[in-house]
Every structure is written in C-alpha cells, then in structure tokens.
Amino acid sequence: MNEVVAPDLAPPAPLARIIPRDQHSISRASVSPNALKVLYRLRDAGFEAFLVGGCVRDLMLGLTPKDFDIATSALPEEVRRVFRNCRLVGRRFRLAHVFFGREIIEVATFRATAAPEPGDEPIDESSEDSIDGDDTDVESDASQALPDDEVEPDRSNSSNPDRVTDHSGRLLRDNVYGSIDEDVWRRDFSANALYYNIADFSVWDYVGGFEDIAARRLRLIGDPATRYREDPVRMLRAARFQAKLGFTLDPATAAPIAELRALLAGVPPARLFDETLKLFLTGHGAQSLDVLRDWGLLGELLPTVDRYLSSNSDSRVLQMLRQGLINTDARVAAGRPVTPTFLFSLLLYGPFAEIIERQPAERWHDIGTIVDAVDRAARDAQNRIAIPKRFTLGMREMFAAQPRLEQPRGRRALRMLEQPRFRAAYDLLLLRSEFGLAAADVAHWWTVLQEVSQADREHMADALAAAHAGGRGADDGGAGRAPRARRSRGGRRRRRPSQSA
Ligand code: ATP
Ligand code: MG
C-alpha cells in the first residue's frame, strides 16, 4: 500500500517561512549548553542542524523544555562519527543519542515522507523502546533504548524495506531519510513542527506553527482523521498538550476524536503506559484528567476508572483523586520525585473500592481481600495499559498497609516507619482522611509520630497500647493525642473504602 508514490501526491515543494532572529523570542541562553554543543559540532562538520519539536514550541512560550531534540541532514552513522559520546539506538526508528552525563541529546536524521498518505508517519520516536517508568523518575525514554549498530542507513525513497507498515497502515519502521522539507510532514501538530536553525538562529515554519503558538491553538498537520488513524496516540497527545499548554484544539483537529478514539484499543499497551505517565506525572495531571474525560479518552485508556467516575460523579473518591493529582503536580513543580505506584493507586482507588465493597463488610479490612482487590483492579487496567509488575506490587503494599496504619498497635506500629512503602502508604492515608475515607485522628497520629523524637514515639505507642487496654479516650499526655480506639470489642469499625462511615 505504500509502494506507489504518485507524483501529484508529493507535498507541493514546501517553502518554509523563515523568521529571522530579531522577529522571534528564542534566545540561545535558554537552550541547553549540551544541545548547543551538538548543534555547533554538526554545523562545523558541514551538516544542517536544527532544534525541533516541543523544545522550540516551549521556548517560544517562555517555558523550560523537558528535553532538546535535534534534526539534522547527517545520517545516523555520520552523527556517530562526529561524536565520541554517541550511540545509535532503535531498529524501527534509528536515532543517535549523544550523552553528556545524565543529559541525552536526541539527534534524528531528516525523514522523507513522500506524501502525507496513510502509513507514512513515524511512530512516536520518543517511545521507540517503551519506557516502563521508574519509581523515582519518569523520564527514562533514552536509557531504555537499546544499542543497535548493525543496520545500514538507506536514503532510497522508492522501494521501502525501511518503511514498514502493518495491515492497518500503522507505521512499524521508518528509516527512509530525506531533507528538512520532507521531514516536516511527519510531525503531528503545527506547534510541534518549528525548526530553529543553528546556522543563523532563524526559525523555519512550513505549516503555520508560529501563528498557531501565538493563538495557543493545536492543529494537526494534514487531514486530522488520517493522521489519527496513522497513529491513534496523537489523540492522547492532543489531550496532553491541551492540558499542559492550555491550548485549544482547532475544531477540525477536535472533530474526529469522538469517532476515532476507539482506535486506541489497538495501540500496544506499553506505549499507552508511557503516554499515561506523560499525561499524569509531568506537572499537569489534574488538568489531564479533566481533558481526557471531556474528550471521552479516559474510557479508552482506563475504562474501569472512567466508568467508576461517571457513575459516582460526586463521590469522595473523585475529590480525592483530583486532590492527589494536584499534590502530584505540586511535587513535580517543586522538583520532588513522583511515582507510578502512587499514581496508579490514586487512579485505581475507585475500581478497587468497588471490588472490595462487593465483599461482605466484615472482610473489607482483611489483608487478603485487599490484596485480591488490588490485583483485580490492576488486572482490569492491564487490558489497556501495561503497568510493570514492580508498580502493581508497590500498590499492593500501599493498600495492604492501610488497615495497619488505621489500627496502630503499640510499639509494633513503630516498625511501620521503617518499611520502604511507609511514606507512600502514609500519604495515601492522609489523603483518604482529608476526604472522610479514613479517620482523621489516626492520620494525625502518624503525622505527629514522624515529627517527634524516638523517645516520644515510644511514649506515643505505649500510650496508645494503654488506651486500647484500658478502653477508649485515653490521652497520651505528650506529643500527640492517641487516636480513638480502632478496635471495639465487638469487632472492627467498618468504614466503606469509598465513602465516609
Ligand atoms: P514534550 O517533550 O513536551 O512532551 P514534544 O512535542 O517534544 O513534547 P516528544 O514526544 O518529545 O513531544 O516528540 C518530539 C517531537 O516529535 C514532537 O514535537 C513532534 O514533532 C514529533 N512527534 C512525536 N510524537 C509524534 C507522533 N506520534 N506523531 C507525529 N509526530 C510526533
Ligand atoms: Mg520532547
């Protein structure tokens, strides 16, 4: 299907509008020094070299780019010859990674796209080798990519062993190299298709991206329905950029989403996991939730979560989820670590509670019931999103710790503080208590416990044990009030996981 390249389908000899340095706001001072080094070295070696994509967009908006991507006329092998600290990665989509300590500059050779015809679009280059996240750092695309040095590059444009699609037109491989004039057509949104030329610091705009950024508008390049069919993840990317940048979707870009969103079911689950992390763990998670729900995309990504939120529209769980995402966004803004484990505990809390509440109430607080419910909620989510096992195991631990935190017992409670998941489990307890999903006094007890000296901790634990032994209401008389007795003689207090008791 992608063999024939009819001449009249070729892009009309695209001429970039060149915006000179004095007519745009991008200053080299805001570009990573390492990215500048790569650009200059490529230029000095006789190649064209441009910053491209999200970094140019973000610089125009006065934001700090997450990473700096470079597009060049140099072939991957040529890039490797210019840099010692360079590896070629990716079979499906060959890229050069230039390493500077922790920073990796991604260098992509211009791709030829004969025409914006179905199947001629690259898969998300950043997800070439799927990230599966890391408990402390979600930015690990590059570190997951495998070295792959044996494939020879090919500039041929006619036969297509280097551009491979599957039966549905989804692009599986694209190693057909070309010029910048051709490269631009594979980009998704006009705002992501600006090129910053290191030769004279001008910005090249083929598709009206400059105006679209000024108007804060997201517009797909080419025919939107075709572009979504080529790569359904573009719908999630649209939602992500809307959430992150506060852009509005151009009506033509928005229109096909309702009809085509079901195509996300055909996207590899590992890639959807990557996208989910980018949606929720990069500083605009609360906004992403709203945008995904507005476009009906949450139902494609996390069907059980979407169903739960739709049928419990004023629930405490939704309020808690939103607050949890707001807190996560604040952590990202402060440069503190965020974890997929905590994220998925928040997202899956509703489905988890629903599963638990199908059980008889006396079992709601049993560890076995809780662990089974976590596993079940995670398995349901795995139908779409490949959540790596270490995160689902972490969720288990966080949820299993909840009844132990809610019913601290004497000095044994102090051992909880040493557990690796304690902090996450405590954060969840605190959040639950804020919305009446756990007792506020117990959460407070744990807050105080962490703030005081070891001697005071023991004192608090002993006071608690004494209160249990002697009935309820005893005061520890010291650093913090003991929570009211959790365990009445007749059995445990039963608080629904999804509502206030
Ligand atoms: P950010 O890094 O802020 O998340 P970005 O726009 O840089 O946003 P990346 O995923 O880093 O997004 O991709 C870099 C560039 O590659 C994009 O700006 C876009 O030009 C192109 N691109 C990425 N994914 C796709 C895709 N699925 N379809 C078409 N082009 C894409
Ligand atoms: Mg980027």
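Not measured: the values here are computed from a predicted model. Order of appearance sets the numbers: ligands from 1, and atoms from 1 within every ligand.
- A cation-pi arrangement is present between Arg111 and Phe93 under the rule of less than 6.0 angstrom and at most 45 degrees off the ring axis.
- Classification of the Phe422-Tyr426 ring pair by plane angle, with boundaries at 30° and 60°, yields parallel.
- Within the structure, ligand 1 lacks Glu275 among the residues with a heavy atom less than 4.0 angstrom away.
- Of all atoms in ligand 1, listed by their number and element, those nearer than 4.0 Å to a heavy atom of Arg240 are 1 (P), 4 (O).
- Taking 2.8 Å as the threshold, Asp67 counts as a candidate ligand of the Mg ion (ligand 2), since one of its N, O or S atoms lies below it.
- When all heavy atoms of Phe391 and Ile387 are compared, the pair lying nearest together is CB-CG2, 3.9 Å.
- For ligand 1, the atoms lying closer than 4.0 Å to a non-hydrogen atom of Asp231 are 26 (C), 27 (N).
- Using a 4.0 Å cut-off to heavy atoms of Gly53, the atoms of ligand 1 that qualify are 18 (O).
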- For Asp375 and Arg396, run side-chain contact (heavy atoms from CB on, under 4.5 Å): C-alpha distance rounded to whole Å, both residues' side-chain angles, the deciding distance at 0.1 Å, then the answer. CA-CA 7 Å; Asp375 289 353; Arg396 256 197 202 179; 2.8 Å; yes
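- Checking Asp200 against Ser202 by side-chain atom types alone, a donor-acceptor pair falls below 3.5 Å.
- Atom numbering of ligand 1 starts at 1 in the shown order; those under 4.0 Å from a heavy atom of Arg271 are 27 (N).
- Taking the ring centre of Phe201 as origin, the terminal cationic atom of Arg28 falls inside the region bounded by 6.0 Å and 45° from the ring axis.
- Within the 4.0 Å heavy-atom criterion, the part of Asp67 lying near ligand 1 is the side chain and not the backbone.
- Contacts with ligand 1 closer than 4.0 Å are made by heavy atoms of both the backbone and the side chain of Asp188.
- Between Gly54 and ligand 1, a contact under 3.5 Å exists for at least one N or O pair.
- Comparing Arg57, Lys66, Arg237, Arg186 by heavy-atom distance to atom 17 (C) of ligand 1, the nearest is Arg237.
- Counting heavy atoms closer than 4.0 Å to ligand 1, residue Asp69 contributes side-chain atoms (C-beta onward) but none from N, CA, C or O.
- At a cut-off of 3.5 Å, with distance as the only test, a side-chain donor of Ser190 or Asp212 sits close to an acceptor on the other residue.
- At least one heavy atom of Lys244 lies less than 4.0 angstrom from ligand 1.
- With a heavy-atom cut-off of 4.0 Å, Phe189 does not touch ligand 1 at all.
- Distance check: Ser288 OG to Leu298 CG gives 10.5 Å after rounding to the nearest 0.5 Å.
- Relative ring orientation between Tyr195 and Phe50 is described as perpendicular, the plane-to-plane angle rising above 60° on a 0-90° scale split at 30° and 60°.
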